[in-house]
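Only one structure is covered here, and it is reproduced in the block below.
All values below come from the heavy atoms of this structure, side chains included, with hydrogens, waters and symmetry mates left out.
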Amino acid sequence: MDNPEDDAYLNQLYTMTRGDTDAQASMYDIGAALGVEKSEAASLAESLFIQELAELKTLSGGIGITAKGVKALGKASPGNSRDEDVSLGRGPVLDPDKKKQITGLLADIKTVLEKETSSYPWIEEMVMDIKTMEIQLLSPNPKTGIIREIFKSMHGNLKQIDANTLNQTLTAIISA
């Protein structure tokens with residue numbers, strides 16, 4: 001995507017549908033979440049339709065993300081198991097493909113966190129780990145060791161809630 005507005009709109013669509021290609025959200029609600037008027041929200045949605053990143057689901061403005069849209073964000077649809085896909089490798093720096101996989105996994109962790117009602121200190125610690133990882137991923141050479149340690153911290157915290165699939169994925173990542 002060349003347009004940052006399209007990217008923001010697609011990310012918000014992904015968030016509101018939780019990456020589920022069968023789900024839908026109102027194009028106007030997506031726009032409202034981004035602080036844009038209905039006409040601009042419709043234009044942004046139309047731009048995504050043209051790029052085949054989103055599709056119109058209802059005549060009243062319900063839209064959904066496509067598999068191509070999910071892929072364009074470097075994320076995975078719910079239900080896609082990452083245990084075999086994601087590994088950090090043994091090199092000192094993550095390669096670009098692994099970086100995209102990690103970004104997608106981070107989105108899955110955020111989705112789990114959004115639904116969680118645990119204590120504030122627990123949520124705060126998870127948010128700090130997420131922010132630390134996001135900052136590390138901004139580096140032109142994100143360090144594998146740092147990412148692994150952050151995942152270890154998240155894994156320990158996620159054991160406290162019912163996130164079995166995600167914990168299995170993290171176990172596979174940190175032990176590889």
Quiz item: Is K143 paired with E149 through a side-chain N to carboxylate O contact shorter than 4.0 Å?
Solution: no
Quiz item: With hydrophobic residues grouped by side-chain heavy-atom distances under 4.5 Å, do M128 and W122 end up in a single group?
Solution: no
Quiz item: Passes side-chain hydrogen bond (donor to acceptor under 3.5 Å, both in side chains), S47 versus Q51? Steps please.
Solution: CA-CA 6 Å; S47 175; Q51 297 173 65; 3.1 Å; yes
Practice problem: Can you measure from CD1 (I147) to NZ (K152) and round to the nearest 0.5 angstrom? | Solution: 13.0 Å
Quiz prompt | Shortest non-hydrogen separation from L88 to I102 and the atoms involved | solution = CD2-CD1, 3.4 Å
Quiz item: Donor-acceptor pair, T144 side chain versus G91 backbone, under 3.5 Å?
Solution: yes
Quiz item: Is there side-chain contact between E125 and S153, with at least one heavy-atom pair below 4.5 Å?
Solution: yes
Quiz item: Linking I/L/V/M/F/W/Y whenever any side-chain heavy atoms sit under 4.5 Å apart, do I173 and V93 land together?
Solution: no
Quiz item: For Y9 and A45, which heavy atoms make the closest approach, and how far apart are they?
Solution: OH-CB, 3.7 Å
Quiz item: Under 6.0 Å from the NZ atom of K68, do we count more than 12 heavy atoms belonging to anything else shown?
Solution: yes
Exercise. Supply the atom-to-atom distance L53 CG to D7 CG, rounded to the nearest 0.5 angstrom.
Key: 10.0 Å
Quiz item: Given M154 and I150, is the side chain to side chain contact (heavy atoms under 4.5 Å, CB included) satisfied, shown in steps?
Solution: CA-CA 6 Å; M154 288 179 174; I150 297 168; 4.0 Å; yes
Exercise. Could you pull out the closest heavy-atom pair between A42 and Y28, with the gap in Å?
Key: CB-CE2, 4.4 Å
Practice problem: Under the side chain to side chain contact (heavy atoms under 4.5 Å, CB included) rule, what do T103 and L73 come out as? Steps first, then yes or no, please. | Solution: CA-CA 9 Å; T103 303; L73 292 172; over 6 Å; no
Quiz prompt | Within-4.5 Å side-chain heavy-atom neighbours: L13 and M16 | solution = no
Exercise. Drop me the distance from L48's CG to M27's CE, to the nearest 0.5 angstrom.
Key: 10.0 Å
Practice problem: Heavy atoms only: give me the nearest S139-K99 pair and the separation to one decimal. | Solution: O-NZ, 3.5 Å
Practice problem: Under the side chain to side chain contact (heavy atoms under 4.5 Å, CB included) rule, what do L158 and M126 come out as? Steps first, then yes or no, please. | Solution: CA-CA 9 Å; L158 288 170; M126 286 297 296; 3.9 Å; yes
Practice problem: Start with the C-alpha distance between L34 and E5, add both sets of side-chain angles, then the distance that settles side chain to side chain contact (heavy atoms under 4.5 Å, CB included), and finish with yes or no. | Solution: CA-CA 9 Å; L34 297 172; E5 289 85 10; over 6 Å; no
Practice problem: State, yes or no, whether a side-chain contact exists between I146 and M133 at a heavy-atom distance under 4.5 Å. | Solution: no
Quiz prompt | Where E55 and T21 come nearest, the two heavy atoms and their spacing | solution = OE2-O, 4.2 Å
Quiz prompt | Minimum side-chain heavy-atom gap Q136-T132 below 4.5 Å | solution = no
Quiz prompt | From CD1 (I65) to OG1 (T15), nearest 0.5 Å | solution = 9.0 Å
Quiz prompt | CZ-OG1 distance between F49 and T66, expressed to the nearest 0.5 angstrom | solution = 10.5 Å
Quiz item: Going only through I, L, V, M, F, W and Y residues with side-chain contacts under 4.5 Å, is there a path from I130 to I135?
Solution: no
Quiz item: Does V127 share a hydrophobic cluster with L106, counting links as ILVMFWY side-chain heavy atoms below 4.5 Å and allowing steps through other members?
Solution: yes
Self-check item: Heavy atoms from other residues, nucleotides or ligands near CD of E134 exceed 12 (cutoff 6.0 Å)
Solution: yes
Quiz item: Would you say F151 and L105 make side-chain contact, with heavy atoms under 4.5 Å?
Solution: yes
Practice problem: Can you measure from CG (N3) to CG (L10) and round to the nearest 0.5 angstrom? | Solution: 11.5 Å
Practice problem: Check K57 against I63 and note the closest heavy-atom contact, atom names and distance. | Solution: CG-C, 3.7 Å
Quiz item: Does some side-chain heavy atom of L94 sit less than 4.5 Å from a side-chain heavy atom of L137?
Solution: yes
